[in-house]
There are 2 protein chains.
Amino acid sequence: MHDVAARAGVSHQTVSRVLNGFESVRPVTRDRVLAAITELGYRRNLAARTLATNRSRAIGVLAPAVSEYGPTSTVQAIEVAARAAGYHPLVTSTTSDRESILASLGFLLDQAVEALVVIAPQQRVLVAIDELELTVPIMTLQSLRVDSATAISVDQARGARRAVQHLIVLGHRRIQHLSGPEELFEATARREAYQAAMVDAGLAALPVIVGDWTAEAGMRAATAIEPDATAVFSGNDQMALGLISGLAALGRRVPEDVSVIGFDDVPEARFYLPALTTVRQDFETIGRVAIESLIRQVEGREAIAVAPLEPELIVRASTAAPRSG
Amino acid sequence: MHDVAARAGVSHQTVSRVLNGFESVRPVTRDRVLAAITELGYRRNLAARTLATNRSRAIGVLAPAVSEYGPTSTVQAIEVAARAAGYHPLVTSTTSDRESILASLGFLLDQAVEALVVIAPQQRVLVAIDELELTVPIMTLQSLRVDSATAISVDQARGARRAVQHLIVLGHRRIQHLSGPEELFEATARREAYQAAMVDAGLAALPVIVGDWTAEAGMRAATAIEPDATAVFSGNDQMALGLISGLAALGRRVPEDVSVIGFDDVPEARFYLPALTTVRQDFETIGRVAIESLIRQVEGREAIAVAPLEPELIVRASTAAPRSG
DNA sequence: CCAGCGAGCGTGACCGGTCACGCTGTCGCT
DNA sequence: AGCGACAGCGTGACCGGTCACGCTCGCTGG
């Protein structure tokens, strides 16, 4: 910056003013400075700036280390929203063990992030956050906390209810649930909503099969479902895919013998065979809204309370009326 | 740091020594400092450190803004490898337009990254990099540059050849190729290898259908393939899925009427119906090796030249001998 | 005619670390 | 005993920006 100032024949302060778009610089001076900047290929040193202003303009993102559709598309929405608002998104992925969570959190803290968005929807992450007594505003995604000011999510219970009711309306009575990992909030919410929906309809909830979100787990579940179950509500689309594949291997056809409904609506879901009936979550809006709220808080305004988003039932070909009504 | 020093009754320099693990501090002093650190909840200011040392220990990652399996799993491998080596991975996703590429690159430059790994396999990105005349070591992934010191990739041509030859060995003669976007190196490499493999076998290469990697494009391609084609080599798994789905809608069955082979081996591929024959790429190794090589360069040693990785043919149920040989 | 004001720009301190160097005291060696 | 070496720690400059403040000069109004 000193070099730029010398070349433009001004002080370093004037260079700073130009860089930060202050008004009180004559256009002719400004142009001289800008010319010097391009000639020297100057880039301002962000570390020095952060140090002097005590502001990093960085927003930390704690994401699970998976390549699933939901988290990745949420992260991308966060990135564009943050960048559009002039902030730097700092994304770290973490596995679910405590050590990894603390390491990622530590990294973000070292980077002096001004806000934090947490997508890893587990109790362990929330515990770690509470322990560290962070002072920056935090937004947890899909954590299903009641506090709508610091949490935002798709209404999991509502989505699960819609899925189950769709099956009930089709005439199914023996409906089983293939759940995600027990420690995940989303999985728990869907599981409980399944059970509640069954009870509300005067039906008996069948034993829940627990998977790990992978298609592999869905395939294994095919051998575990009750013989007389006519429909399965899968906790996500990947498991639904594996389940359908596993059922096919057992000679059971979807939807003729068993109806299967998923959750998420991944881009490939409509191309599965049969095309998957599922519940769509708007991951992109979640990420965008989270950033908007956080930036409000960073800038001193109050957080915006956001109601849980409405999931949408997408009916395709993997569900049908049971054969013997 | 001043507060910590005061509380421990030492100078700031000694605190710095403890923080950086220098030997020449008595254990008793070290413990006093560490105690003061934890009592005050002190975290060192990374911006100040970066400013003083003129080292950021950050590695920039330029990734495409997609939620596809390949890039995301590569990015994750990069993250763990970088962190394990004591570096900070800074991941930015970019769309394919020039403006977005330059913005992401600018962001990484502002962060003073010491090395750069580029996963966006397009000409445009390489052009932008050349224009900026970056001085940091760069590693391009899947860019298929001949220079093995700055590029690393799975051998696309070899993988494509294996796919085509697999179909030929099964007895197919009319084999068509469903390609990815023309501006992508990987797509180009697979397309050319397809054509070469056909010619080598004394067969006529059929017109190439161009898609955009999405299952949607695969479905559309179902109506575009030659009536007498008995097999299709799809540029990736998603398009293969869409193609199979589209063929099913037209009453053509896989593999009885048409064989389909994909590329990538996404985790779900073995659960598609039929289970997808495909070519596996080791995305994880790509990312890991790239970081290893970059860190060597950052630390003053020469880059390691890595031969293109061997792709692996995974035969499943979506390919079979043609009905009428 | 001059005080007052504001546009336009410069000066020096400061952010929180690291680095080079300097100082003190203890120990071993001659 | 005297000296050098080294362990152990402190001092001040410096990294490259920003911020508060001050200066100069031209213009305006009484």
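These numbers come from a predicted model, not from an experiment. Numbers restart at 1 for each chain; the letters A, B, ... are given by sequence-line order, proteins then strands.
- Shown here is A:Glu99, whose CD atom has no more than 12 heavy atoms of other residues, nucleotides or ligands within 6.0 Å.
- Side-chain atoms of B:Thr14 never come within 3.5 Å of backbone atoms of B:Val10 as a donor-acceptor pair (strictly under, hydrogens ignored).
- Protein chain B contacts DNA chain C over a range whose 5' and 3' limits, counting nucleotides with an atom under 4.0 angstrom from a non-hydrogen atom, are C:dG16 to C:dA20.
- The nearest heavy atom of DNA chain D to B:Thr53 and to A:Leu19 marks one nucleotide each, and the one closer to the 5' end goes with B:Thr53.
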For nucleotides 22-28 of chain D, 5' to 3', base contacts (B), sugar-phosphate-only contacts (S) and non-contacts (-) with protein non-hydrogen atoms under 4.0 Å give -------
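- A:Ser293 contributes no side-chain N or O that, together with a main-chain N or O of A:Thr150, makes up a donor-acceptor pair within less than 3.5 Å.
- In this structure, CG in A:Leu51 is found 11.5 Å from CG in A:Leu46, a value given to the nearest 0.5 Å.
- Of the residues in residues 20-43 of chain B, B:Ser24, B:Val25, B:Arg26, B:Thr29 come within less than 4.0 Å of DNA chain D through at least one heavy atom, sorted by number.
- Under the 3.5 Å distance criterion, the side-chain polar atoms of B:Thr53 are matched with a main-chain donor or acceptor of B:Arg49.
- If you find the closest nucleotide of DNA chain D to B:Ser11 and to B:Asn54, the one lying nearer the 5' end belongs to B:Ser11.
- The residue B:His12 sits close to a base: some heavy atom pair falls under 4.0 Å.
- With B:Thr188 contributing its side chain and B:Glu182 its backbone, the two residues share a donor-acceptor pair below 3.5 Å.
- No cation-pi contact links B:Arg17 to B:Phe22, judged by a cut-off of 6.0 Å to the six-membered ring centre and 45° from its axis.
- Counting any heavy atom pair closer than 4.0 Å across all strands shown, B:Asn45 reaches sugar-phosphate atoms only and no base atom.
- Rounded to the nearest 0.5 angstrom, B:Tyr69 OH and B:Asp264 CG are separated by 9.0 Å.
- In terms of modelled atom types and a separation under 3.5 Å, the side chain of A:Arg32 and the main chain of A:Ala8 share a donor-acceptor contact.
- In this structure, A:Glu299 places its CD atom where more than 12 heavy-atom neighbours from other residues, nucleotides or ligands lie under 6.0 Å away.
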